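For clarity, every value in this text was computed on a predicted model and none was experimentally measured.
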Amino acid sequence: MENKDDEVKKSQVVEARARNISHNVRCTECGSQSIEDSQADIAILLRKLIRDEIRSGKSDKEIYKKLEEEYGETVLYAPKFDLQTAALWLSPLLVAGAAAGVWGYKKHRQKTNVHIMALHLVRGVPLTPKEKETMLDLLIPPPQGLTPSSLWSRWRGR
C-alpha cells in the first residue's frame with residue numbers, strides 16, 4: 001500500500017515538474033504558445049521528452065539546457081542575459097529613462113517660460129515704460145552667479 005502511495009506521489013511530482021517546464025518552453029511550430037497549451041505534433045513530442053528526462057533523474061536546468069542545444073535559444077520564453085540579448089532586456093529601462101527625460105525637460109520649459117506667457121497676456125494692454133520695466137524685472141529670472149554688471153548694479157542701487 002505504501003509502495004503504491006509513493007508511486008502516486010512520485011508521478012504527481014513528475015507531472016508538476018513537467019508542466020512547469022512545459023509552460024516555459026515555446027512551441028517551435030506555433031511560436032506564440034507554450035508546448036503545454038499547444039496541440040502540435042512537435043509540442044506533444046517535447047512534452048513526452050521532458051517527462052522522460054525527468055524520470056531519468058535530470059534536473060530542470062539540464063532539461064532546459066538540452067532543449068536549448070537541440071532547438072535553439074528561441075525555444076525558451078526567457079532568454080539568458082548576454083551581449084546579444086542585452087538590448088532586449090534593457091530596452092524597457094531605456095524607454096522609461098527617455099520618457100522621464102522628455103517629461104522633465106517639458107516641466108523645466110514650463111517653469112522657465114512663465115515670463116513669455118505673462119508677456120502674451122499683457123499684449124495690447126498699454127503700459128508705461130516704468131510698468132514694463134517693473135514687469136520684466138519681476139518676471140525674468142535672476143542671472144546665475146555673480147557677474148560684473150550685477151555687482152555694479154547692486155553697488156549703484158545703494
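How far CG of D60 is from CD1 of I50: 9.5 Å, rounded to the nearest 0.5 Å. How far OG of S38 is from CD of E29: 7.0 Å, rounded to the nearest 0.5 Å. We find the CG-CD1 distance between L67 and I63 to be 7.5 Å, quoted to the nearest 0.5 Å. Rounded to the nearest 0.5 angstrom, K58 NZ and I21 CD1 are separated by 11.5 Å. With rounding to the nearest 0.5 Å, the separation of CD in E15 from NZ in K10 is 15.5 Å. For the atom pair S56 OG and R51 CZ, the distance stands at 14.0 Å (nearest 0.5 Å).
Between I44 and Q39, the shortest heavy-atom contact is CD1-O, 3.8 Å. In plain terms, the two heavy atoms of N24 and Y64 that are nearest each other are ND2-OH, 3.1 Å. Minimum interatomic distance between H23 and D37 (heavy atoms only, all atoms of both residues): CE1-OD1, 4.2 Å.
Side-chain N or O atoms of E62 include one that pairs as donor or acceptor with a backbone N or O of S59 at under 3.5 Å. S22 places a side-chain N or O within 3.5 Å of a backbone atom of A18 that can act as its donor or acceptor partner. Counting only distance, with no hydrogens or angles, the side chain of R17 and the backbone of I54 share no donor-acceptor pair below 3.5 Å.
Considering only heavy atoms from C-beta on, L46 comes within 4.5 Å of Y71 through its side chain. For the pair I35 and R26, the minimum side-chain heavy-atom distance is 4.5 Å or more.
Salt bridge absent: E36 and R47 never bring a charged side-chain N and a carboxylate O closer than 4.0 Å. Ion pairing of R55 with D52 is present here, as a side-chain N (NZ or NE/NH1/NH2) and a carboxylate O approach within less than 4.0 Å.
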Task: Worked check of side chain to side chain contact (heavy atoms under 4.5 Å, CB included) between C27 and I42 - done: CA-CA 7 Å; C27 176; I42 187 73; 4.1 Å; yes
